[in-house]
Amino acid sequence: MEKTMENNTAASHERTKLLVMTALFAALSYVATRVLMVPSPTGGYMNLGDAVVLLGAYLLGPVYGAVAGGIGPALADLLSGYAVYVPGTLVIKALMALTAALLYRALGKKNWAMVVCGAAAEAIMVVGYCLYDGVLSGSLAAGAAGIPSNLTQAAFGLVVSTLLAMALKKNGYVRSQFPQL
């Protein structure tokens, strides 16, 4: 009976820690999205948020990473006057994190895998916003106008998240706290 209570307490502690870290990464992705907002030709903006979305995916795993990755940037859109992008951002960023985390796990959590996973996730972002902007404007050609700025954001997010994750992966404490990494 005592062993069961200890196991339940440990499981509860882990769930609480995951929820707190999910909220922290949602907040970090919000801040990273808002810190530097460079307007793009489509009416949206480029930002640093993708780096945190991908990092959260590697550290938190697919479910919690997707929740944090979707909520933070969607809140940034909402509170920055881009409310029309909230639904698209929520889905696109969550899919980015989900894809990156699942691929990372499937590829054996290798450092090189982060580049592959990040590229796949960023492709979702570029295509997703192209389609979303196309729907908003009524023209796929108009949606395609944002591809260059989204590719720039994608490259930056991929490089920064990969370098940060590789650095964190070298730390034993981080690996013990984030077994997904």
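- Linking ILVMFWY residues whenever their side-chain heavy atoms come closer than 4.5 Å, directly or via other members, leaves Leu168 and Leu107 in distinct clusters.
- Residues Leu79 and Arg34 are in side-chain contact: their nearest non-hydrogen atoms beyond the backbone lie under 4.5 Å apart.
- Across all non-hydrogen atoms, the minimal contact from Ala83 to Pro87 is O-CD, 3.8 Å.
- Between Tyr85 and Asp133, the closest side-chain pair of non-hydrogen atoms falls below 4.5 Å.
- The two residues Ala100 and Ala121 come nearest to each other via the heavy atoms CB-CB, 4.0 Å.
- Residues Leu48 and Thr33 form no side-chain contact, since every pair of their non-hydrogen atoms from C-beta on lies 4.5 Å or further apart.
- Under the 4.5 Å side-chain heavy-atom criterion for grouping Ile, Leu, Val, Met, Phe, Trp and Tyr, Ile124 is not connected to Val127 through any hydrophobic cluster.
- No donor-acceptor pair closer than 3.5 Å links the side chain of Gln180 to the backbone N or O of Leu59.
- Between the side chain of Ser80 and the backbone N or O of Asp77 there is no donor-acceptor pair closer than 3.5 Å.
- One hydrophobic cluster holds both Tyr30 and Val67 under the rule that ILVMFWY side chains link at heavy-atom gaps under 4.5 Å.
- Arg175 contributes a side-chain N or O that, together with a main-chain N or O of Lys169, makes up a donor-acceptor pair within less than 3.5 Å.
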Between Met21 and Leu60, is the side chain to side chain contact (heavy atoms under 4.5 Å, CB included) condition met? List the steps.
CA-CA 8 Å; Met21 294 311 294; Leu60 301 173; 3.7 Å; yes
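- Taking hydrophobic clusters as Ile, Leu, Val, Met, Phe, Trp and Tyr residues chained together by side-chain heavy-atom distances below 4.5 Å, Trp112 does not share a cluster with Leu55.
- Checking Thr89 against Tyr129 by side-chain atom types alone, a donor-acceptor pair falls below 3.5 Å.
- Between Phe25 and Phe178, the ring planes are perpendicular. Angles over 60° get that label, and only those under 30° would be called parallel.
- Considering only residues two or more places apart in sequence or on other chains, Tyr58 meets the ring pair (Phe, Tyr, Trp, His ring centres under 6.0 Å) condition with Tyr104.
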Could you give me the CA-CA distance, side-chain angles and deciding distance for Cys117 and Leu102, then say whether side chain to side chain contact (heavy atoms under 4.5 Å, CB included) is met?
CA-CA 8 Å; Cys117 302; Leu102 289 173; over 6 Å; no
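- Residues Val126 and Ile147 are in side-chain contact: their nearest non-hydrogen atoms beyond the backbone lie under 4.5 Å apart.
- Taking the side chain as every heavy atom from C-beta outward, Met114 and Ser161 never approach each other to under 4.5 Å.
- Note on Leu151: it does not cluster hydrophobically with Val159, by side-chain heavy-atom contacts below 4.5 Å among ILVMFWY residues.
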Decide side chain to side chain contact (heavy atoms under 4.5 Å, CB included) for Leu136 and Val84; before the verdict, give the C-alpha distance in whole Å, the side-chain angles of both, and the deciding distance to 0.1 Å.
CA-CA 9 Å; Leu136 289 178; Val84 70; 3.5 Å; yes
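- Lys93 places no side-chain N or O within donor-acceptor distance of the main-chain N or O of Gly49, the cut-off being under 3.5 Å.
- In terms of heavy atoms, Ala68 sits closest to Pro73 at O-CD, 4.1 Å.
- Counting heavy atoms from C-beta outward, Met125 and Asp50 have side chains that approach closer than 4.5 Å.
- The shortest non-hydrogen separation linking Pro179 to Ser176 is CD-O, 4.2 Å.
- Counting all heavy atoms, side chain and backbone alike, Ala101 lies closest to Ala57 at CB-O, 3.5 Å.
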Could you go step by step and tell me if Leu131 and Leu140 meet the side chain to side chain contact (heavy atoms under 4.5 Å, CB included) rule?
CA-CA 7 Å; Leu131 295 174; Leu140 193 54; 3.9 Å; yes
Side-chain donor/acceptor pairs under 3.5 Å, residues 11-18, sequence neighbours excluded:
| unit_1 | atom_1 | unit_2 | atom_2 | d |
| --- | --- | --- | --- | --- |
| Thr16 | OG1 | Ser12 | O | 2.9 |
| Lys17 | NZ | Gln177 | O | 3.1 |
| Lys17 | NZ | Gln177 | OE1 | 3.2 |

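- Contact between Ala120 and Leu103 at its shortest, heavy atoms only, is CB-CD1, 3.6 Å.
- Checked against Glu122 for a side chain to side chain contact (heavy atoms under 4.5 Å, CB included), the options Val53, Leu54, Thr99, Asn150 give a single hit: Leu54.
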